[in-house]
Amino acid sequence: MASLSGKAGLIVGVANKRSIAWAVAQAASAAGARLALTYQGERLEENVRELSAGLTDPLVLPLDVTDDAQIARVFDELDRSFGGLDFVVHGAAYAGREELANPFVQTTRDGFRMALDVSAYSLIALSRGALPLMEKRGGGSILTFSYLGSERVFPNYNVMGVAKAALEATVRYLAADLGPKNIRVNAISAGPIKTLAASGIGGFSTILQVYRERAPLRRTVDTSEVAEAAMFLLTDAGRAVTAEVLMVDGGFHGTGM
Ligand SMILES: NC(=O)c1ccc[n+]([C@@H]2O[C@H](COP(=O)([O-])OP(=O)(O)OC[C@H]3O[C@@H](n4cnc5c(N)ncnc54)[C@H](O)[C@@H]3O)[C@@H](O)[C@H]2O)c1
């Protein structure tokens, strides 16, 4: 696997050991990167501190991605501690429980605003914060996570599907904007995985079962497989790849029925 030795990265979106962002953190650390992990609120601080205790010299910082002052503090701290930044892993997403259960037509203005703010706008805000630090390193790689619900309808995915469509478009616009600075921006569209975020989606186990039956590989994927694909995009192995949404879903996206 290509190396991240001497590189520094920011990992946003670790809630617990099942988080996709945690699998990426482990892979990036094993590839030699120094990491900063963030936690959203005191509720998750202990989890993230316990997990990151196994990493080499990690930074652990609070970050709610809807809070511009906290975002600014994170990048100030990264500049002080790392003197630059090589990659950002954006694994934050949120939609209110009712938005993931009620009929889509009942989506509220507040629910829509919150889902799009946390799950899509935050990628712009984090990229803007990372920009001067990545310029110091002559470039960088920014990675986020999407789902096929951005293009097709899945039961109860609702406003999160709209947020993922916005997120994927955001990836392309950021890639165009930041490409001349040698900053790449990509997404991995992962197959369904039982995580904390997924537990909020009604009927999620049915979605898992459909993938097992119909995906070309006849199975679901796990977070370590997503993390290995992430390593391709974060390291020099993916140095010519940007504005991409890489499907890591056992091929399910290719099936008609
Ligand atoms: N699990 C799946 O089936 C699946 C499939 C495709 C894509 N994804 C995406 O992968 C990413 C990671 O999700 P996951 O499945 O690992 O679940 P997860 O619950 O482990 O991670 C989601 C993270 O978002 C964070 N978050 C929510 N609101 C935030 C805020 N305001 N500020 C900062 N952080 C906030 C949570 O703290 C949590 O760490 C998400 O974008 C999710 O949509 C998940």
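As the structure lists them, so they are numbered: ligands from 1, and atoms in each ligand from 1.
- Partners of Lys136 according to the salt bridge (charged side-chain N to carboxylate O under 4.0 Å, His left out) rule, which considers only residues two or more places apart in sequence or in another chain, are Asp79.
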Do Glu225 and Arg219 pass the salt bridge (Lys or Arg N to Asp or Glu O under 4.0 Å) test, and can you show the C-alpha distance, the side-chain angles, and the key distance before you say yes or no? CA-CA 12 Å; Glu225 293 171 322; Arg219 64 179 182 83; 2.8 Å; yes
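- The nearest protein atom to atom 10 (O) of ligand 1, hydrogens excluded, is given as Phe145 CB, 3.4 Å; this is a heavy-atom distance.
- Numbered from 1 in the order shown, with element, the atoms of ligand 1 that lie under 4.0 Å from a heavy atom of Leu44 read 37 (O).
- Counting only heavy atoms of the protein, atom 32 (N) of ligand 1 lies nearest to Val65 N, 2.9 Å.
- Linking Ile, Leu, Val, Met, Phe, Trp and Tyr whenever their side-chain heavy atoms come within less than 4.5 Å puts Val89 and Leu37 in one cluster.
- Regarding atom 40 (C) of ligand 1, its nearest protein heavy-atom neighbour is Ala93 CB, 3.5 Å.
- Residue-ligand proximity, Pro192 to ligand 1, at heavy-atom distances under 4.0 Å covers atoms 3 (O).
- Only the backbone of Val14 comes within 4.0 Å of ligand 1, counting heavy atoms alone; no side-chain atom from C-beta on gets that close.
- Of the listed residues (Lys164, Met114, Met160, Lys194), the one carrying the non-hydrogen atom nearest atom 43 (O) of ligand 1 is Lys164.
- Neither side chain, Thr108 nor Asp110, offers a donor N or O lying under 3.5 Å from an acceptor on the other.
- Near Gly13, meaning under 4.0 Å from one of its heavy atoms, ligand 1 places the atoms 21 (O), 23 (C), 38 (C), 39 (O).
- Counting atoms of ligand 1 from 1 in the listed order, those under 4.0 Å from a heavy atom of Ser19 are 16 (O), 18 (P), 20 (O).
- For ligand 1, the atoms sitting less than 4.0 Å from at least one non-hydrogen atom of Leu63 are 32 (N), 33 (C), numbered in the order shown with element in parentheses.
- Salt bridge absent: Arg49 and Glu46 never bring a charged side-chain N and a carboxylate O closer than 4.0 Å.
- Linking Ile, Leu, Val, Met, Phe, Trp and Tyr residues whenever their side-chain heavy atoms come within less than 4.5 Å leaves Leu78 and Val60 in two separate clusters.
- Looking from atom 19 (O) of ligand 1 to the surrounding protein, the closest heavy atom is Ala197 N, 2.9 Å.
- With hydrophobic clusters built from ILVMFWY side chains whose heavy atoms lie under 4.5 angstrom apart, Met134 shares a cluster with Val171.
- No donor-acceptor contact under 3.5 angstrom links the side chains of Arg73 and Gln70, judged on distance only.
- With a 4.0 Å heavy-atom cut-off, ligand 1 is reached by no atom of Arg18.
- Atom 22 (C) of ligand 1 has its closest protein heavy atom at Gly91 O, 3.5 Å.
- For the residue pair Ser189/His253, the side-chain donor-acceptor check at 3.5 Å is not satisfied.
- Taken together through direct or relayed side-chain contacts under 4.5 Å among Ile, Leu, Val, Met, Phe, Trp and Tyr, Met231 and Val14 form part of one hydrophobic cluster.
- The contact set between ligand 1 and Tyr147, taken as ligand atoms under 4.0 Å from a residue heavy atom, comprises 6 (C).
- Counting atoms of ligand 1 from 1 in the listed order, those under 4.0 Å from a heavy atom of Gly191 are 3 (O), 5 (C).
- Annotation for Phe112: atom CZ does not count as buried by contact number, only 12 or fewer foreign heavy atoms lying within 6.0 Å.
- Considering only heavy atoms from C-beta on, Asp117 stays 4.5 Å or farther from Val65 through its side chain.
- Evaluated by nearest non-hydrogen atom to atom 4 (C) of ligand 1, the leading choice among Ile20, Ile11, Thr195 is Ile20.
- Of the inter-residue distances, the one linking Leu35 atom CG with Phe82 atom CZ reads 7.0 Å to the nearest 0.5 angstrom.
- Looking only at protein heavy atoms, the nearest one to atom 36 (C) of ligand 1 is Gln40 OE1, 3.5 Å.
- Every atom of ligand 1 with a heavy atom of Phe204 under 4.0 Å away is listed here by number and element: 3 (O).
- Summary of contacts: the protein heavy atom closest to atom 6 (C) of ligand 1 is Ser146 O, 3.0 Å.
- Both the backbone and the side chain of Leu196 come within contact range of ligand 1, each with a heavy atom under 4.0 Å.
- Counting only non-hydrogen atoms, the option in Ile193, Leu148, Asp64, Leu126 that gets closest to atom 31 (N) of ligand 1 is Asp64.
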